[in-house]
Amino acid sequence: MGLDRAASIDDLRTRAKRRIPRFAFDLVDGGAESERNMRRNSEAFEEIELTPRYMVDVSDIDKSATLFGQNFDAPFGMAPIGMLNAFWPDADLILARLCSRENIPYVASSAASTTLERLAEAANGNGWFQLYVSSDTDVTEGLIARAEAADYKVLMVTADVPAAGKRDRDIRNQLAVPFTITPEVVAGLIANPLWSMATLQHGRPTIANYADLLKTATSYADVQKTLITPGFTWDDLKRLRDRWKGTLLVKGILHPSDAMKCAELGCDGIVVSNHGGRQVAFGPPTIKALPPIAEALDGRIKIILDSGIRRGADILRARAHGADFTFTGRALAYGVGAGGARGAQRAMDILQLELVRALGQLGIASFKDVGPSELTR
Ligand SMILES: Cc1cc2nc3c(=O)[nH]c(=O)nc-3n(C[C@H](O)[C@H](O)[C@H](O)COP(=O)(O)O)c2cc1C
């Protein structure tokens, strides 16, 4: 299927799957263990019905949203994704530039395959930085100082990785650090010449922000220790709040009491997220976790939601359940995999056109007016 005939994010995913070796496709497409949580994220969206109202003037639809004092042209942004250049060469820069052009936020991952400095430049004022708290406090402080120097205004600290998720597909594909060339890898490279050539040209993807530190890593455990810590606690979050002068968000919140604690510690917002179903298989879909959180917070701090958004209407479903803003990870990533920069643009256009169409069909002229009443019409 050509790019122009891709009608949905799922079509782009199918196209990406055909162009990328399995081990690299699964790296992004996969979820934790049985992948139940990942599947449920999208299914739970689909189960929510929004009833249209008619004879409302929707000739001029406004999909913009304001967040932390910045006006964005659409109510969603690009979630942080680590090592995305392994999926498609230059994916990080393609998406950062796309978000800048479309005037939506781009979140640079700590574990990105491009340095946070280059991504700040490419995102051109629309970049936020996602922080993994390391077991080494110097590593964490080093990243924060670099994020400050690169002029990021929003720091999004990820809370939902006390341990790395167990991704069965990666184990089956023998995806290991250091990377090993297995017969399956060789077969995948031969079967996908376009990907292989482009990857060869751009060089082996690394976790760029830690490139020097990881030079000496000989096992996955070494890499994990540098990137994350099981010892990240509320006291550390309090210290981070004191340390970071800009906007501070906590990503990976699923429980109303945790959301309240974030508000009490002075955070500016939370991201209701289950890491796209990549951390646990047994947790709730985010759209189900959201209502009690929104009720508890009662507008105290901003709520962003991600995990499972594949349709424009999902953004409205999230809004109707109490989210101020949304993020998507894989939807835009599939676009890149389906066709590089053009594919990313196609994914962006599909989401935005679906969003505008859904607003019109519901009889709502402005995204800002979508509210809980949409669920009970
Ligand atoms: C391949 C991949 C890598 C990811 N890497 C990170 C990361 O480095 N930091 C982080 O906070 N979240 C990471 N996430 C989670 C995303 O930020 C986001 O929560 C998730 O993709 C949302 O679900 P969706 O893909 O269904 O939209 C990653 C997700 C994927 C798919």
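Both ligands and their constituent atoms are indexed starting at 1 by order of listing. Remember, it's a predicted structure, so these values are computed and weren't measured experimentally.
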_Taking the basic N atoms (NZ, or NE/NH1/NH2) and the acidic carboxylate oxygens, is any pair closer than 4.0 Å for Arg239 and Asp236?_
yes

Taking only distance into account, with no hydrogens and no angle test, what donor-acceptor pairs under 3.5 Å do side-chain atoms of residues 292-301 form with protein atoms, sequence neighbours excluded?
from   : atom 1 : to     : atom 2 : distance (Å)
Arg300 : NH1    : Ala296 : O      : 2.9
Arg300 : NH1    : Leu297 : O      : 3.1

Can you give me a line-by-line list of nitrogen or oxygen pairs between ligand 1 and the protein shorter than 3.5 Å?
from     : atom 1 : to     : atom 2 : distance (Å)
ligand 1 : 5 (N)  : Gly82  : N      : 3.0
ligand 1 : 8 (O)  : Gly82  : N      : 3.4
ligand 1 : 8 (O)  : Ser109 : OG     : 2.7
ligand 1 : 8 (O)  : Tyr132 : OH     : 3.4
ligand 1 : 9 (N)  : Gln130 : OE1    : 3.2
ligand 1 : 9 (N)  : Tyr132 : OH     : 2.9
ligand 1 : 11 (O) : Gln130 : NE2    : 3.4
ligand 1 : 11 (O) : Thr158 : OG1    : 2.7
ligand 1 : 11 (O) : Lys251 : NZ     : 3.1
ligand 1 : 12 (N) : Pro80  : O      : 3.4
ligand 1 : 12 (N) : Lys251 : NZ     : 2.9
ligand 1 : 12 (N) : His275 : NE2    : 3.3
ligand 1 : 14 (N) : Pro80  : O      : 3.2
ligand 1 : 14 (N) : His275 : NE2    : 3.4
ligand 1 : 17 (O) : Pro80  : O      : 2.7
ligand 1 : 17 (O) : Lys251 : NZ     : 3.0
ligand 1 : 19 (O) : Lys251 : NZ     : 3.1
ligand 1 : 19 (O) : Ser273 : OG     : 3.3
ligand 1 : 19 (O) : Asp306 : OD1    : 3.3
ligand 1 : 19 (O) : Asp306 : OD2    : 2.8
ligand 1 : 25 (O) : Arg330 : N      : 2.9
ligand 1 : 25 (O) : Arg330 : NH1    : 3.1
ligand 1 : 26 (O) : Gly308 : N      : 2.9
ligand 1 : 26 (O) : Arg310 : NH1    : 3.2
ligand 1 : 26 (O) : Arg310 : NH2    : 2.9
ligand 1 : 26 (O) : Arg330 : NH1    : 3.2
ligand 1 : 27 (O) : Gly329 : N      : 2.9

*Not counting sequence neighbours, which residues clear side-chain contact (heavy atoms from CB on, under 4.5 Å) with Gln361? List them please.*
Arg357

*Taking all heavy atoms of Leu116 and all of Asn209, pick out the closest pair and write down the distance.*
N-OD1, 2.9 Å

*Can the ring centres of Phe232 and Tyr132 be said to be less than 6.0 Å apart?*
no

*asked:* Suppose the criterion is ring pair (Phe, Tyr, Trp, His ring centres under 6.0 Å): which pairs have a residue in residues 135-166, not counting sequence neighbours?
replied: Phe129-Tyr152

